[in-house]
Amino acid sequence: MPEFSVIIPAYNEEKTIEKAIAETQQVFEELGKSFEIIIVDDGSTDGTAYIVENLVGANIFLPLRLIKQSHNQGKGAAVKTGVMAALGEWILFLDADLAAHPSEIKKALPYLHDLDIIIGSRRVAGADIAERQPIYRHWLGRLFNYFIRIYLNLPYRDTQCGFKLFNQRTRFLFEQLQSTGWVFDVELLYRARQAKLKIKEIPVTWRHGRESRVKFGHLWEVWSELRALKKSA
């Protein structure tokens with residue numbers, strides 16, 4: 001059983017996926033940690049799956065797996081699929097653009113024995129925004145996170161950062177996960193708090209990658225999911 005399973009959900013990421021795999025491999029090999037990389041192709045219509053398949057076939061020593069969803073189901077669904085297949089004691093999921101780099105795992109290592117969940121944050125002391133997103137995206141994200149904290153009584157400064165680490169014993173959270181889209185992070189943290197799991201935010205260095213695929217037209221869908229989540233408590 002590897003120490004770490006790294007899950008990278010991918011939807012039309014042919015321009016970034018090979019780099020994401022290579023840099024993740026390099027980080028964990030340099031750390032001397034056993035690992036596997038699981039790419040969950042979420043119904044891509046470009047060459048994402050083809051690139052990963054070639055990498056799997058070309059390097060039998062690279063612990064790389066590809067799981068293909070039959071159609072696009074959403075980031076939350078892709079992450080859940082990856083977690084259900086993960087073998088590692090700790091499960092890390094990253095965005096394919098590596099806005100938070102896999103090397104940030106070094107900051108988490110001192111806490112592994114004491115916690116259940118470690119989440120990267122762009123908004124706690126020590127965080128560094130090396131490359132900023134457009135200003136309207138920045139403030140939309142801040143407002144969204146403020147609303148989440150008030151509405152669901154969550155203390156976390158950054159629920160949406162693409163760097164989260166879960167111990168295998170928290171797998172039940174993913175088994176219960178209902179959100180298939182962008183609210184899945186919030187649902188996981190909300191249910192983790194209800195289960196009284198030990199959670200810590202750690203600062204990360206973050207670089208703006210591709211534009212978020214969340215659009216203003218999705219806000220009603222997000223609101224509906226949040227209301228359903230709160231009612232289910």
Side-chain angles (χ1 to χ4, degrees), residues 1-42 44 48-49 51-69 74-113 115-121 160-171 173-174 177 184-185 188-189 199-202 204-207 209-210:
M1 186 176 72
E3 294 175 79
F4 294 92
S5 294
V6 183
I7 297 167
I8 304 178
Y11 177 64
N12 291 345
E13 297 286 359
E14 64 180 8
K15 295 180 180 179
T16 62
I17 196 64
E18 188 167 359
K19 178 182 178 183
I21 292 169
E23 295 193 11
T24 300
Q25 177 187 6
Q26 181 179 1
V27 166
F28 282 91
E29 286 182 348
E30 289 179 352
L31 287 172
K33 302 294 184 181
S34 59
F35 69 98
E36 63 175 350
I37 302 172
I38 302 174
I39 306 299
V40 182
D41 180 77
D42 191 24
S44 295
T48 300
I51 291 169
V52 180
E53 285 172 340
N54 283 344
L55 290 173
V56 171
N59 189 346
I60 62 172
F61 299 107
L62 173 61
L64 174 65
R65 286 193 277 160
L66 171 66
I67 302 174
K68 292 194 287 187
Q69 310 265 60
K75 184 179 179 181
V79 169
K80 180 177 180 177
T81 295
V83 171
M84 292 299 99
L87 301 175
E89 179 183 358
W90 283 93
I91 302 167
L92 169 67
F93 55 87
L94 301 169
D95 290 336
D97 62 3
L98 299 188
H101 196 267
S103 59
E104 298 297 313
I105 192 68
K106 298 171 187 176
K107 299 174 183 175
L109 295 179
Y111 305 108
L112 296 185
H113 296 296
L115 299 170
D116 301 303
I117 301 170
I118 300 170
I119 62 176
S121 177
Q160 304 308 113
C161 179
F163 182 97
K164 292 185 174 66
L165 190 62
F166 289 76
N167 190 275
Q168 184 72 238
R169 60 180 167 266
T170 70
R171 182 187 177 102
L173 296 173
F174 295 87
L177 185 64
F184 85 98
D185 307 73
L188 288 171
L189 294 174
I199 307 168
K200 182 178 180 63
E201 277 188 286
I202 62 171
V204 296
T205 298
W206 190 85
R207 290 176 173 80
R210 55 165 166 71

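Worth knowing before you read on, the calculation uses all heavy atoms, side chains too, and leaves out hydrogens, waters and symmetry mates. Numbers for residues simply follow the sequence, beginning at 1.
Note: Phe93 and Phe184 have tilted aromatic rings, judged against thresholds of 30 and 60 degrees for the angle between ring planes.
Annotation: side chain of Leu165 is not in contact with side chain of Ile91 (no heavy-atom distance under 4.5 Å). Using a 4.5 Å heavy-atom threshold, the side chains of Leu31 and Ile105 count as touching. Side-chain contact check for Phe166 versus Asp116: every heavy-atom pair is 4.5 Å or farther apart. Side-chain contact check for Thr170 versus Leu173: some heavy-atom pair is nearer than 4.5 Å. Taking 4.5 Å as the limit, every side-chain heavy atom of Tyr11 sits out of range of all side-chain heavy atoms of Thr48. In this structure the side chain of Leu98 never reaches within 4.5 angstrom of the side chain of Thr16, judged on heavy atoms. When side chains are defined from C-beta on, Lys68 counts as touching Glu53, because their heavy atoms get closer than 4.5 Å.
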Side chain to side chain contact (heavy atoms under 4.5 Å, CB included), that's the test. Do Val52 and Ile17 meet it? Break it down for me.
CA-CA 8 Å; Val52 180; Ile17 196 64; 3.9 Å; yes
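Taking 4.0 Å as the cut-off between side-chain N and carboxylate O, Lys164 and Asp185 count as a salt-bridged pair. A salt bridge is absent between Lys33 and Glu89: the closest approach of a Lys/Arg side-chain nitrogen to an acidic carboxylate oxygen does not fall below 4.0 angstrom. For Arg207 and Asp97, the salt-bridge test fails: no basic side-chain N is under 4.0 Å from an acidic carboxylate O.
We find the CD1-OG1 distance between Ile38 and Thr81 to be 10.5 Å, quoted to the nearest 0.5 Å. Separation of atoms CD (Glu18) and CD (Glu13) is listed at 13.5 Å; rounding is to 0.5 Å. Atom CG in Leu109 sits 5.5 Å away from atom CZ in Phe4 (nearest 0.5 Å).
By the ring pair (Phe, Tyr, Trp, His ring centres under 6.0 Å) test, Phe35 is found to be paired with Phe28, residues two or more places apart in sequence or in another chain being considered.
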